[in-house]
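Report on one structure; see the data block that follows.
Quantities reported herein were computed from a predicted structural model and do not represent experimental measurements.
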Amino acid sequence: EASFSVGTQLPKAGFLRLTYQDRRITNFLEDFTTIDNGKKSIVIAGIPSTVDITIFRNSNLPKHEYQALLLQGRYSLTPQWSLEGNWTHELKDDGNYESQVNQSIGASGIGDQPEFFNPDRNFPTGHLSEFQADVARLWTIYNLSFGRGGDLSLSLLGQYNSPFHYSLAAGSVNLTSIQLSKDPGYAVPPTSQTLYFGSRGSQSFNAWTNVDFAARYSIPFLKSLGPWAKVDVRNLFNNTTLIAFNTTVRPDPNSPKDDLGLPTGFIKGANFGKARTTSDFNIPREYRFSVGISF
């Protein structure tokens, strides 16, 4: 990982800083099931069987690259009123392996019986599921002092989130006769595959925004002891955007075929584009109340 930052001081104890980040993950622990590894005769529950040998080793065949710009700043409008924010612009969060979603060893399928598969159709490169082009936060805090009557702090937070990305992919697709004809002699050849239609992460869900409000009131009781009360309103304007949904597709048997005999077109499932659970929506307006004693 490499990063580079430049910044400047602003009047009234403010600052502005821009950071460039470049992160590349290498030497994934991956499993390889190839014809060159050979086969092994074993006995399972008293039944003789022959299996293909799988070898685990570090590999750079899986890819994950991340590049981003991060802008941060703060400015004091008055001694009681401050403004802060940050903005992350992702230039790249791409790869052919969802390494940050599933850490299971060998989960990618890369390197397993490669004679049957086409990388562009079975594990393509593109935006990973956590890719967001832009995430911005801007917040302001205003402090009011009433002397012995206590202190009141008001804050407002605005958030913008670019959509997450998803792939058009069908799971458990049977291998074609062309694929099966390429079998060099595996003991247990594959029977199904995940089939992609386009690059990884080629589609996007919906962007969403939030505005949060908070107020905290404290009363000095002793020099280092005082009660306080706080109210938070999350998602002040109750923005319930659909930020994820069902993405089920299946191969279209009537579409043109690729060189492996696999359909290049797809048919959307009956529930495509519909919410699966309430978590597919932006969290609705939420009220939080808390009290305590500081000391």
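Counting only distance, with no hydrogens or angles, the side chain of Glu65 and the backbone of Arg24 share no donor-acceptor pair below 3.5 Å. Distance alone, capped at 3.5 Å, is enough to place a donor-acceptor pair between the Ser162 side chain and the Asp134 backbone. For the pair Asn282 (side chain) and Asn210 (backbone), a donor-acceptor distance under 3.5 Å is absent. Panel note: side chain Asn238, backbone Arg285; a donor-acceptor pair is recorded below 3.5 Å. Under a 3.5 Å cut-off, the side chain of Gln159 and the backbone N or O of Leu138 do not form any donor-acceptor pair. No donor-acceptor pair under 3.5 Å is formed between the side chain of Lys39 and the backbone N or O of Ile35. Judged by distance alone, the side chain of Asn235 and the main-chain N or O of Ile283 form a donor-acceptor pair under 3.5 Å. In this structure a side-chain-to-backbone donor-acceptor pair under 3.5 Å is missing from Ser76 to Thr78. The backbone N or O of Ala169 lies less than 3.5 Å from no partner atom in the side chain of Ser167, so there is not a single donor-acceptor pair. Judged purely by atom type and a 3.5 angstrom limit, His127 has no side-chain atom pairing as donor or acceptor with the backbone of Arg200.
Residues Leu236 and Asp212 have side chains not in contact (no heavy-atom distance under 4.5 Å, counting atoms from C-beta outward). Between Phe205 and Thr247 the shortest side-chain heavy-atom distance falls below 4.5 Å. Here the side chains of Phe116 and Pro189 are in contact, with some heavy-atom distance below 4.5 Å. Using a 4.5 Å cut-off on side-chain heavy atoms (C-beta onward), Leu262 and Gln179 make contact. Here the side chains of Leu157 and Val211 are not in contact, with every heavy-atom distance at 4.5 Å or above. Residues Gln203 and Leu168 are in side-chain contact: their nearest non-hydrogen atoms beyond the backbone lie under 4.5 Å apart. Residues Leu128 and His64 are in side-chain contact: their nearest non-hydrogen atoms beyond the backbone lie under 4.5 Å apart. Counting heavy atoms from C-beta outward, Pro253 and Pro263 have side chains that stay 4.5 Å or more apart.
Side-chain contact check for Ser192 and Ser172: no donor-acceptor pair (N or O, by modelled atom type) lies under 3.5 Å.
Each of Tyr166, Phe164, Phe281 was evaluated against Phe245; a single residue qualifies, Tyr166, per the ring-ring contact (aromatic ring centres under 6.0 Å, His included) test.
Note: Leu260 CG to Gln193 CD = 8.0 Å, rounded to the nearest 0.5 Å. Atoms CD1 and CD, from Ile55 and Glu30 in turn, are 13.0 Å apart once rounded to the nearest 0.5 Å. Atom CD of Gln80 sits about 8.0 Å away from atom CG of Asn143, to the nearest 0.5 Å. Note: Glu84 CD to Trp139 CH2 = 5.5 Å, rounded to the nearest 0.5 Å. Rounding to the nearest 0.5 Å gives a distance of 11.5 Å between CG of Asn122 and CG of Asp112. For the atom pair CD1 of Ile243 and OG of Ser204, the computed distance is 13.0 Å after rounding to the nearest 0.5 Å.
A pairwise comparison of heavy atoms in Asp52 and Val188 identifies OD2-N, 3.0 Å as the closest pair. Closest of all the heavy-atom pairs between Ser199 and Thr125 is CB-O, 3.6 Å. Of all heavy-atom pairs spanning Leu242 and Asn206, the tightest one is O-ND2, 2.7 Å. Across all non-hydrogen atoms, the minimal contact from Arg250 to Ala170 is CA-CB, 4.1 Å. Scanning all heavy atoms of the two residues, the minimum distance from Trp228 to Ile293 falls at NE1-N, 3.5 Å. Closest approach of Ile219 and Gly149 over heavy atoms only: CG1-O, 4.2 Å.
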Side chain to side chain donor-acceptor pair (under 3.5 Å) assessment of Thr248 paired with Asn246: CA-CA 6 Å; Thr248 301; Asn246 184 292; 3.0 Å; yes
Arg137/Trp87 under side-chain contact (heavy atoms from CB on, under 4.5 Å): CA gap, chis, key distance, verdict: CA-CA 6 Å; Arg137 305 285 186 269; Trp87 166 49; over 6 Å; no
Stepwise side-chain contact (heavy atoms from CB on, under 4.5 Å) check, Thr209 with Asn239: CA-CA 7 Å; Thr209 58; Asn239 181 343; 3.2 Å; yes
CA sep, side-chain torsions, deciding dist, call: Ser129, Glu98, side chain to side chain donor-acceptor pair (under 3.5 Å): CA-CA 7 Å; Ser129 59; Glu98 297 283 354; 3.1 Å; yes
Test log, rule side-chain contact (heavy atoms from CB on, under 4.5 Å), inputs Leu16 and Leu71: CA-CA 7 Å; Leu16 196 63; Leu71 181 65; 4.1 Å; yes
Verdict with supporting geometry, Asn174 and Thr191, side chain to side chain donor-acceptor pair (under 3.5 Å): CA-CA 6 Å; Asn174 292 332; Thr191 58; over 6 Å; no
CA sep, side-chain torsions, deciding dist, call: Gln132, Glu130, side-chain contact (heavy atoms from CB on, under 4.5 Å): CA-CA 6 Å; Gln132 284 184 284; Glu130 69 267 25; over 6 Å; no
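Qualifying side-chain contact (heavy atoms from CB on, under 4.5 Å) partners for Val6, counting only residues two or more places apart in sequence or in other chains: Phe4, Leu18.
A salt bridge is absent between Glu115 and Lys182; no separation between the charged side-chain nitrogens and carboxylate oxygens falls under 4.0 Å. A salt bridge between Asp94 and Lys63 is absent, with no side-chain N of the basic residue lying under 4.0 Å from a carboxylate O of the acidic one.
Cation-pi geometry between Arg23 and Tyr66 is satisfied (NZ or CZ under 6.0 Å from the ring centre, within 45° of the ring normal). By the 6.0 Å and 45° rule, Arg234 does not stack over the aromatic ring of Tyr287.
In this structure, the ring of Phe123 has its center no less than 6.0 angstrom from the ring center of Tyr97.
Hydrophobic clustering of Ile, Leu, Val, Met, Phe, Trp and Tyr side chains at less than 4.5 Å, counting indirect connections, unites Tyr217 with Val231. Val233 and Leu156 fall within the same hydrophobic cluster, where Ile, Leu, Val, Met, Phe, Trp and Tyr residues are linked whenever their side-chain heavy atoms come under 4.5 Å apart, directly or through other members. Two different hydrophobic clusters hold Ile110 and Ile53 under the rule that ILVMFWY side chains link at heavy-atom gaps under 4.5 Å. Both Leu152 and Trp81 sit in one connected hydrophobic cluster of ILVMFWY residues. Membership requires side-chain heavy atoms under 4.5 Å apart, directly or through other members. Hydrophobic clustering, with ILVMFWY side chains joined whenever heavy atoms are under 4.5 angstrom apart, groups Phe237 together with Phe213.
Taking the six-membered ring where the residue is Trp, Phe266 and Phe197 present tilted rings, their angle falling between 30° and 60°.
Here side chain to side chain donor-acceptor pair (under 3.5 Å) pairs that include residues 259-271, with residues two or more places apart or in two chains, number zero.
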